[in-house]
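Protein chains get the first letters and strands the later ones, always in sequence-line order, with residue 1 at the start of each.
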Amino acid sequence: MLDINFIRNNPDRVKQAIVHKHENAASIDQILELDTQRRSAIHACEQLKSKRNEKSKEVSELKKKGQNASAIIEETKKIGDEIKSYEEKLSGLEPQINNLLLRIPNIPATDVPIGKDAEDNVIVKAWGQRKTFDFAPMSHWELGRILNILDLERSSKISGSGFILLKGYGAKLERALFNFMLDVHTREHGYTELFPPFLVNRASMTGTGQLPKLEDDMYRTATDDLFLVPTAEVPVTNIHRDEILSYKEIPLYYTAYTPCFRREAGSYGKDTRGIIRVHQFNKVELVKIVKPETSYNELESLLLNAEKILQLLGLEYRVAKLCTGDMSFAAAKCYDIEVWAPGVGKFLEVSSCSNFEDFQARRMNIRFRDEDGKLRFVHTLNGSGLALPRTVIALLETYQQKDGSVTVPEVLQPYMGGINVIVKK
RNA sequence: GGAGAGGUGGCUGAGCGGCUGAAAGCGACGGUUUGCUAAACCGUUGUAGAGACUAAAUCUCUACCCCGGGUUCGAAUCCCGGCCUCUCCGCCA
């Protein structure tokens with residue numbers, strides 16, 4: 001959420017930013033108009049309240065002396081009615097303003113390239129050698145079927161399309177990967193491991209910015225109005241909602257494994273084969289809560305922490321700095337990490353590392369008391385470290401051999417019971 | 001799911017419908033004293049909003065004692081609804 005004061009003082013800058021993010025800037029004028037009405041109503045209302053307080057005091061003094069106060073009481077009743085009418089006006093205006101404000105996207109940072117869509121993203125880094133094959137590399141779904149580790153026919157029988165059933169070494173590989181990732185982030189990168197709830201309430205979903213805009217993309221349990229987490233970002237960042245932290249306790253680094261649930265509404269027909277785009281997937285997430293002046297350095301190190309996983313797995317990847325049009329609603333700056341999948345012949349997004357500045361902190365009301373005792377909003381960041389299905393895709397497709405077996409990278413072998421190759425059982 | 005108890009500032013804990021933004025204690029911060037530390041003593045110690053040419057400092061006002069309504073001239077205090085916590089019972093992995 002943006003600061004209403006900031007919008008008031010910089011309406012053109014905000015509108016420009018919204019246009020760059022390909023959202024509708026018209027609501028800014030509407031917000032400003034409603035805000036003017038709101039403030040004048042507050043002013044009038046508060047003056048009346050002040051008057052009422054004075055009169056009430058008079059009543060109390062008269063009564064103490066045993067005198068009749070009915071004239072003043074009558075007068076004050078009328079003031080009370082007027083106050084009520086202003087309060088009604090305000091209780092109409094405030095949710096309107098708030099709803100509009102919650103739908104205004106964050107402003108991109110100044111060094112974010114202005115652009116329309118993924119075409120305009122800027123590749124800022126490429127790592128690893130392109131793997132060459134002396135045979136035609138297979139796709140992960142072919143490999144999964146041959147090795148009997150991935151069974152998409154049966155998962156769609158159980159749940160529907162977009163769900164994954166892993167078997168045998170496929171299941172083990174999944175578990176190996178998120179354990180490995182959590183170990184790297186906790187041991188080498190200083191993150192605290194968390195295991196959060198997988199169902200969260202509306203306030204949490206609003207805090208990180210999934211609601212109100214993206215409700216259609218979320219799984220919701222109707223009876224209790226709880227949402228299945230679309231990412232660990234939601235429960236983890238909301239840990240400190242409505243809290244005041246000390247400058248001594250931040251930065252906070254958290255990592256958590258959760259499954260992630262996404263309806264993927266509106267993406268029908270995209271990436272329908274295999275496990276590139278699914279409704280439920282596993283992910284290890286990195287979340288940082290930091291001081292504003294450090295957040296851009298923290299973003300760079302967060303990105304490196306996520307990249308480290310691919311480096312250790314020996315998978316080729318590249319890093320894209322997203323343009324304004326491709327960034328998410330809440331982000332001020334965002335890098336995507338894309339891993340090369342030779343079987344499908346594509347780079348696949350496995351991580352999005354974002355700095356939200358104080359956009360989420362404002363929604364969640366997470367502040368900290370700085371060295372001078374002042375209250376300020378923290379900055380929040382997060383990134384996948386990493387999303388599993390696409391990492392599995394890259395792994396299977398990159399390490400496949402002519403006979404369909406897949407070698408296991410050395411770092412994963414201890415997590416896989418010591419085996420160095422997955423063969424058909 | 002049933003029965004009961006309770007939610008007050010950073011924490012503990014008072015609070016009669018007006019004199020309570022809130023006693024007292026603890027903690028924290030500043031100061032005096034001290035070679036240093038401790039102790040003692042003195043002082044300070046919430047947040048948000050609106051307004052004052054106002055960006056900062058300052059001042060004025062308003063609101064906030066879990067949240068939302070209501071009663072009243074006036075609510076931390078009375079009434080209703082909700083949320084949360086604790087205890088007991090039931091059910092259950």
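In this structure, the CD atom of A:Glu249 is 12 Å from the C1' atom of B:rG10, given to the nearest Å. Note: CD (A:Glu94) to P (B:rG68) measures 11 Å, nearest angstrom. Here the P atom of nucleotide B:rU72 and the CZ atom of A:Arg52 are 13 Å apart, to the nearest Å. In this structure, NZ of A:Lys78 is placed 14 Å from P of B:rG74, rounded to the nearest angstrom. Rounded to an integer number of Å, the gap from A:Lys248 NZ to B:rG10 P is 16 Å. Between the CG atom of A:Asn201 and the C1' atom of B:rG82 there is a distance of 15 Å, rounded to whole Å. Between the P atom of B:rG74 and the NZ atom of A:Lys51 lies a distance of 15 Å, rounded to the nearest Å. Rounded to a whole Å, the NZ atom of A:Lys55 is 11 Å from the C1' atom of B:rC73.
A distance of about 13 Å separates the C1' atoms of B:rA14 and B:rG9, rounded to the whole Å. Atom name P, nucleotides B:rU8 and B:rA76: the rounded distance is 16 Å, in whole Å. B:rG15 and B:rA75: their C1' atoms are spaced 13 Å apart (whole Å). For the C1' atoms, the distance from B:rG6 to B:rG13 is 14 Å, rounded to whole Å. The separation of B:rA28 from B:rU20, taken at their C1' atoms, amounts to 24 Å, rounded to a whole angstrom. Taking atom P on both nucleotides, B:rU77 is separated from B:rC65 by 8 Å, rounded to a whole Å.
Using modelled atom types and a 3.5 Å distance limit, the side chains of A:Thr76 and A:Lys51 yield no donor-acceptor pair. A:Tyr191 and A:Asn305 form a side-chain donor-acceptor contact under 3.5 Å, judged by distance and modelled atom types alone. Inspection of the A:Asn148 and A:Lys425 side chains reveals no N or O donor paired with an N or O acceptor under 3.5 Å.
B:rA57 is unpaired under the Watson-Crick or G-U wobble criterion, no partner having all donor-acceptor distances under 3.5 Å. Judged by Watson-Crick or G-U wobble contacts below 3.5 Å, the nucleotide B:rC64 has B:rG46 as its partner. In this structure B:rG10 sits in a base pair with B:rC26, meeting the Watson-Crick or G-U test at under 3.5 Å. With both pairing distances under 3.5 Å, B:rG21 is matched to nothing as a Watson-Crick or G-U wobble pair. When Watson-Crick and G-U wobble pairs are counted only if both distances are under 3.5 Å, B:rA40 pairs with B:rU32. If you check B:rA76 for Watson-Crick or wobble pairing at under 3.5 angstrom, you find it has no partner at all. Under the Watson-Crick and G-U wobble criteria, each requiring two contacts below 3.5 Å, nucleotide B:rG1 is paired to B:rC89.
The number of heavy-atom neighbours closer than 6.0 Å to CZ of A:Arg202, taken from other residues, nucleotides and ligands shown, is above 12.
If you check every strand for non-hydrogen atoms under 4.0 Å, A:Ser56 touches a base.
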Item to complete: Give the B/S/- string for nucleotides 42-49 of chain B, one per nucleotide from 5' to 3', where a protein heavy atom under 4.0 Å of the base yields B, of only the sugar-phosphate yields S, and otherwise -.
Response: -----SSB
Worksheet entry | Under 4.0 Å protein heavy-atom contacts per nucleotide of nucleotides 52-57 of chain B, with B for base, S for backbone only and - for none | ------
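Residue pairs meeting the salt bridge (Lys or Arg N to Asp or Glu O under 4.0 Å) criterion with at least one member in residues 52-63 of chain A, sequence neighbours excluded, are A:Lys55-A:Glu75.
A:Asp151 places a side-chain N or O within 3.5 Å of a backbone atom of A:Arg154 that can act as its donor or acceptor partner. The backbone N or O of A:Lys374 lies less than 3.5 Å from no partner atom in the side chain of A:Asp372, so there is not a single donor-acceptor pair. Formation of a donor-acceptor pair under 3.5 Å by the A:Glu397 side chain with backbone atoms of A:Ala394 is not found in this model.
Two residues, A:Ile72 and A:Lys57, neighbour RNA chain B, and the one matched to the more 5' nucleotide by heavy-atom proximity is A:Lys57. For A:Lys63 and A:Asp35, each mapped to the nucleotide of RNA chain B holding its nearest heavy atom, the one lying further toward the 5' end belongs to A:Asp35.
OP1 or OP2 of B:rU62 lies within a sub-4.0 Å distance of a side-chain N or O belonging to A:Ser50. Using a 4.0 Å cut-off, no side-chain N or O of A:Asn53 falls inside it from OP1 or OP2 of B:rG74. Using a 4.0 Å cut-off, no side-chain N or O of A:Lys49 falls inside it from OP1 or OP2 of B:rU60.
By the 4.0 Å N-to-carboxylate-O rule, A:Arg38 lies close enough to A:Asp35 to be salt-bridged with it. A:Arg263 and A:Asp216 are not joined by a salt bridge, as no carboxylate oxygen comes within less than 4.0 angstrom of a charged side-chain nitrogen.
Cation-pi geometry between A:Lys321 and A:Tyr335 is not met at under 6.0 angstrom from the ring centre and within 45 degrees of the axis.
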